[in-house]
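Single-structure report; data block below.
Quick note on labels: first sequence line is chain A, next is B, and so on, each numbered from 1.
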Amino acid sequence: MNFKCIQELPAFLKSAFPQAEAPEDWSVTAEICPQNMEGELTVNCFRFARIFRQAPDKIAAKAAEFLSGHDDVEKAEQIKAFVNLTLKGGAVHRDTVAEENAILAAPVMSDAEKRRILIEYSAPNTNKPQHLGHVRNNTLGMSLASLLARAGHDVIPINLVNDRGIHICKSMIAYQRFGNDCTPESTGIKGDHLVGNFYVKYNDALKAQITELKANKPELADKADDELFLETEIGIATQKMLQDWEAGESEVRALWKKMNSWVFAGFNETYERMGVKFNHTYLESETYLLGKDIIQTGLEKGVFFKREDGAVCCDLGKIGVKVVLRSDGTSVYMTQDIGTTIKKFEDYKPDSQIWVVGDEQIFHFQQLFAILKKLGFEWADNLHHMAYGMVNLPTGKMKSREGTVVDADDLFDEMVELAKNATLERCGDDVPADIDERSEIIGMGALKFMLLKFNPKTTIMFDPQASLKFEGDTGPYVQYACARINSIAQKAEERGMVFDSDVNWSLLSSTEEKMLAITASFYPQIIREAAEKMDCSVLVSYLLDLAKAFNRFYRECPVLSADDEALRKARMTMCLRIKGIIGDGLKTLTISVPQAM
RNA sequence: GCGACCGUAGCUCAGCUGGAUAGAGCGCUUGCCUCCGGAGCAAGAGGUCAUGGGUUCGAAUCCCGUCGGUCGUACCA
């Protein structure tokens, strides 16, 4: 948004109300005029009332007076405290799309605002394949990283894989007992799914043992299953395996290594398909002992205290007392997180750290940040938990144990298959050679777009029937605008149209042409707003608006069949600018654009 | 119990640093291919913004209460 008449407005208003002494750097931003109002841009003068200490209507009257007389303005109408503007075609385009990279290359933030940001997301466990919940996390994480980088920050995405612990041993025990030395190769099953199958088998076996136990010992019937874990044979064996793992027992370690390598191979496929990339992957098996030494230091400094039972605690006032070391001297989750956070800081020296983690852990992160602050780390003020909501199904919550999860790989296949069918339906007998590649881009784009459309903090409902659509407010709708432009551009080239910088922009004076350019010009500030809010849905909504503005333009303003050659050229150039912005926006969301669809 | 978040159209969601007649998509009804791609465009029906107070010139938005819902409140992760 860079309109000359708007930029000149502050100086005029300052001279109109000199006694108010408005701040030197005060500037005005216009908004897109609501659809039911006549006009293209609107200036809301309620916002200026405090600055000038004048009635909003009075300021609006002054603003309208200035704008009415401005060369770029066709009409300026004051309604209450608003001034609605209709601009002249040439002026709109001069201030927006006329210069090739004016919008795309516009700085989103100043150098002083740029930060080095470490962002952690995904964080899967190596005992089961990823599901829709992980897909939301991955999508939010990678897109946020991409968005922050687009805004100008130096972004370092990292992963922290939970590759050890009792739950990992469960899959291993089940494999030892029921696996018959099978492998992903021998079964043809993707590694993470194979290991996940044993995790399920384990839980079945455990459940059977608990049922048997309860039948034999009626006095235990009222106990929760979790409490009986160490009463079962399989539970004891699992506990023993964890101890052996920690002791470095070679056979257990070898099995662990083998099974984890299968899972990682599987995860890599899933990540690759999504476009997930990390600068570094931390493994919990390498970091889980971190933090203990800092607990000792904290104890000496009096930040922590030893409770009567021997547990080391931290008093966090209003947010409670948190145990940071068990009475037997072993770590809790918090201990590891303290250690890992410090390590991450030392490894990368970021200005801030972001965790993309579900909102059920809000309290945990509050405590983590408070503890680090108490330990005296100044950078603890710059830690952010990007808390996002869960994904529910129409049938309720997803639960691994009850088998109601939507598997990530299956979902990808389903999306791509649907995209392929939709493409085949449209193309008739003329099946494109790149149909598979195209379907992949459309299907995965639709999925990511759907997940990013929601405000991250909200719990969302995923209805497979309703969510897997390609019409309306969807990724393909936005991609389609680009495909249309590609198609026109190709035909233009075939017809030998020449594109040079000599464009007569004043020919584009229809409402659709002006509104398209005006909408496009808001792109840099949308990127900024989305980055500040750490919310990709801001960008998603904007891209839908922009694609919508393009489709209206497309309908009303024929490019190739326009009468006049200069008009054809101006419209074609406009289309290419719009394609550049939509493409940049989708790319920022980690969504690709098919050449045709 | 305490804390956090949420309650907007039949459904899924925007809007929430107070400002015009509360928006979008889906679904429903109806138009639009002699015209660059209909994954499109245009129009219609559909809302006491959970509820009761308060602050304000003005409240979906801010404050308090009530009712519903979710999550958290571990020497689990």
Determine, answering yes or no, if A:Phe82 is stacked on B:A20 under the 5.5 Å centre rule and the 30° plane rule. yes
Candidate nucleotides B:A39, B:C35, B:A77, ranked by approach to the side chain of A:Ser561 - the nearest: B:C35
Going through the checks in order, is the side-chain contact (heavy atoms from CB on, under 4.5 Å) test met by A:Tyr202 and A:Thr238? CA-CA 10 Å; A:Tyr202 178 94; A:Thr238 314; 2.7 Å; yes
If the glycosidic angle sits within 90 degrees of zero it is syn, else anti. Tell me which applies to B:C33. syn
Starting at CD1 of A:Ile460 and ending at P of B:G7, how long is that distance when rounded to a whole Å? 15 Å
Work out which heavy atom in A:Ala547 is nearest to a heavy atom in A:Tyr477; give both atom names and the distance. CB-CE2, 3.6 Å
Would you mind telling me which residue lines up with the more 5' stretch of RNA chain B, A:Asn84 or A:Leu560, judged by nearest nucleotide? A:Asn84
Is any N or O donor-acceptor pair between the side chain of A:Ser537 and the base of B:A14 shorter than 3.5 Å? no
Mind calculating the distance between CZ (A:Phe550) and P (B:C36) to the nearest angstrom? 14 Å
Could you tell me whether A:Lys548 contacts a base, only the sugar-phosphate backbone, or nothing, with contacts defined as non-hydrogen atoms closer than 4.0 Å? sugar-phosphate
Answer yes or no for this row: A:Phe46 ring on B:G19 base, centroids under 5.5 Å, planes under 30°. yes
Under 4.0 Å between any heavy atoms, over every strand shown, what does A:Asn162 touch: base, sugar-phosphate, or nothing? Just pick one. sugar-phosphate
Heavy-atom closest contact (A:Ser439 atom, A:Val416 atom, distance): CB-O, 3.7 Å
Looking for any heavy atom pair under 4.0 Å, which part of the strands does A:Asp226 touch: base, sugar-phosphate only, or nothing? nothing
Please tell me which of the listed nucleotides, B:A20, B:U12, B:G23, lies nearest to the side chain of A:Pro34? B:A20
Between B:G25, B:G37, B:U21, which nucleotide has the shortest distance from any of its atoms to the side chain of A:Asn36? B:U21
Looking at every heavy atom in both A:Glu512 and A:Cys557, which two are closest together, and how far apart are they? CB-SG, 4.2 Å
Among B:A39, B:U21, B:C6, the nucleotide that comes nearest once only the side chain of A:Lys457 is considered: B:C6
Selection from B:A20, B:C26, B:G40 that lies nearest to any side-chain heavy atom of A:Arg555: B:G40
With a 4.5 Å heavy-atom cut-off, do A:Thr126 and A:Ser171 have their side chains touching? no
Going by modelled atom types, is there a donor-acceptor pair between the base of B:C36 and the side chain of A:Arg484 at under 3.5 Å? no
Kindly indicate whether the side chain of A:Asp359 and the base of B:A4 share any N or O donor-acceptor pair separated by less than 3.5 Å? no
Tell me if the side-chain of A:Ser541 makes a donor-acceptor pair with the base of B:A24, cut-off 3.5 Å, by modelled atom types. no
